[in-house]
Amino acid sequence: MESTWVNQAIDKIEADFQRSADTHLIKLDIPCLTSVDIYLKDESTHPTGSLKHRLARSLFLYGLCNGWINQDTPIIESSSGSTAVSEAYFARLLGLPFIAVMPKTTAKRKIEQIEFYGGRCHFVDHSCQIYAESQRLADELSGHYMDQFTYAERATDWRGNNNIANSIFEQMQREPFPIPTWIVMSPGTGGTSATIGRYIRYQRETTKLCAVDPENSVFFDYYHSRDPKLTCENGSKIEGIGRPRVEPSFIPGVVDHMVKIEDAASIATIYWLEQLIGRKAGPSTGTNLYGALQLATQMQDANQQGSIVTLLCDGGERYLDTYYDAQWVEHNIGDISQYQQKLTEFNQTGRLD
Ligand SMILES: Cc1ncc(COP(=O)(O)O)c(C=O)c1O
């Protein structure tokens with residue numbers, strides 16, 4: 001009986017995948033960059049609005065194939081929001097109860113979306129409490145704790161099989177510089193950067209992976225010190241990325257270069273991007289893109305031509321009352337005018353100093 005249900009569950013996820021199209025790779029039109037092309041892989045167009053749609057699909061398949069998820073198994077996840085939205089979608093597809101354990105500061109729109117898909121939100125005061133609380137709930141309900149922070153890197157098939165890295169390299173094939181000089185990604189679990197970094201190595205590409213970390217996150221320091229016990233007091237203010245502890249899915253060995261991006265720069269960059277493409281993106285896209293623009297400047301300084309690919313992780317509509325609210329930004333992020341000025345100058349000079 002159980003195996004029939006599991007087979008049907010896998011069928012449903014595979015059929016959902018079969019119905020979906022790949023996400024677009026947007027080429028940015030940036031006149032001041034004369035020798036470097038920048039591309040955004042637009043992950044906001046998944047049915048649940050973010051790159052986490054891929055991860056949720058992989059985590060459910062991993063749990064089903066490992067015998068961890070059966071008929072009626074409650075699914076519990078610790079999440080800053082996007083993963084929970086996507087997992088709630090798949091839980092509903094399979095008819096399973098879903099509970100997201102999240103910081104109480106999570107964007108209202110994400111909470112509404114989780115509830116829209118029939119999920120329940122369980123709040124904690126501080127982002128570092130989500131892990132223990134998720135495990136506690138799973139034990140209490142005889143449920144399965146998905147634990148994206150541990151399993152993201154291994155649930156995805158990094159060798160190919162239509163993963164995000166495979167898709168980027170295929171979509172770049174007809175571009176002037178088809179092999180990106182850099183791919184830039186900001187880690188949350190670290191799963192996406194692990195998939196991209198491993199794929200690059202496996203395919204023996206020359207592309208380098210740059211990881212970008214926001215303030216209030218330990219990944220950058222861990223990359224340099226390799227001390228897995230690092231923690232930081234405050235949670236990241238850039239939703240979806242940056243963590244207060246070293247997550248098991250962040251694999252530093254596949255990262256070639258790492259930089260820290262100020263939160264004010266990330267927010268200024270999503271406003272700059274809106275002017276460029278007429279669309280709002282989430283704050284982690286700002287972190288990614290600011291890192292990409294810095295690398296473009298360095299490439300132009302070194303008379304290097306090439307391409308840089310980064311991710312539009314989710315759309316900005318989820319954040320109208322936070323990152324797109326000037327008062328909220330001033331109160332929570334601070335003054336971003338210095339970076340707005342830098343980006344205005346960049347438009348004229350092609351240099352981000
Ligand atoms: C909006 C957003 N951007 C980026 C990331 C980071 O992706 P990953 O968890 O694969 O490192 C996340 C992860 O939650 C996210 O929600």
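Position 1 is the first residue of the sequence, and the numbers go up from there. Fair warning: this is a prediction, and the values are worked out from it, not measured in the lab. Both counts, for ligands and for their atoms, begin at 1 and track the order of listing.
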Engineer: Answer yes or no for Lys280 and Tyr319: cation-pi contact, defined as NZ/CZ to six-membered ring centre under 6.0 Å and angle to ring axis within 45°.
Structural biologist: no
Engineer: As a test of reading the model: which N/O atoms of the protein lie under 3.5 Å from N/O atoms of ligand 1, and at what distance?
Structural biologist:
unit_1: ligand 1; atom_1: 3 (N); unit_2: Ser284; atom_2: OG; d: 2.8
unit_1: ligand 1; atom_1: 9 (O); unit_2: Lys52; atom_2: NZ; d: 2.4
unit_1: ligand 1; atom_1: 9 (O); unit_2: Thr189; atom_2: N; d: 2.7
unit_1: ligand 1; atom_1: 9 (O); unit_2: Thr189; atom_2: OG1; d: 2.7
unit_1: ligand 1; atom_1: 10 (O); unit_2: Thr192; atom_2: N; d: 2.9
unit_1: ligand 1; atom_1: 10 (O); unit_2: Thr192; atom_2: OG1; d: 2.5
unit_1: ligand 1; atom_1: 11 (O); unit_2: Gly188; atom_2: N; d: 2.7
unit_1: ligand 1; atom_1: 11 (O); unit_2: Thr189; atom_2: N; d: 3.3
unit_1: ligand 1; atom_1: 11 (O); unit_2: Gly190; atom_2: N; d: 2.8
unit_1: ligand 1; atom_1: 14 (O); unit_2: Lys52; atom_2: NZ; d: 3.3
unit_1: ligand 1; atom_1: 14 (O); unit_2: Gly240; atom_2: O; d: 3.3
unit_1: ligand 1; atom_1: 16 (O); unit_2: Ser82; atom_2: OG; d: 3.2

Engineer: Tabulate below the donor-acceptor pairs under 3.5 Å that side-chain atoms of residues 93-106 make, not counting sequence neighbours, or state none.
Structural biologist:
unit_1: Lys104; atom_1: NZ; unit_2: Asp125; atom_2: OD1; d: 3.1
unit_1: Thr106; atom_1: OG1; unit_2: Pro103; atom_2: O; d: 2.7

Engineer: Any idea which heavy atoms bring Thr297 and Phe346 closest together, and the distance?
Structural biologist: OG1-CE1, 4.3 Å
Engineer: Quick one: sort the Phe169 and Tyr199 rings into parallel, tilted or perpendicular, breaks at 30° and 60°.
Structural biologist: tilted
Engineer: Give me the ring orientation class for Phe149 and Tyr131: parallel if the planes are under 30° apart, tilted from 30 to 60°, perpendicular past 60°.
Structural biologist: perpendicular
Engineer: Taking the six-membered ring where the residue is Trp, are the ring centres of Tyr290 and Tyr339 under 6.0 Å apart?
Structural biologist: yes
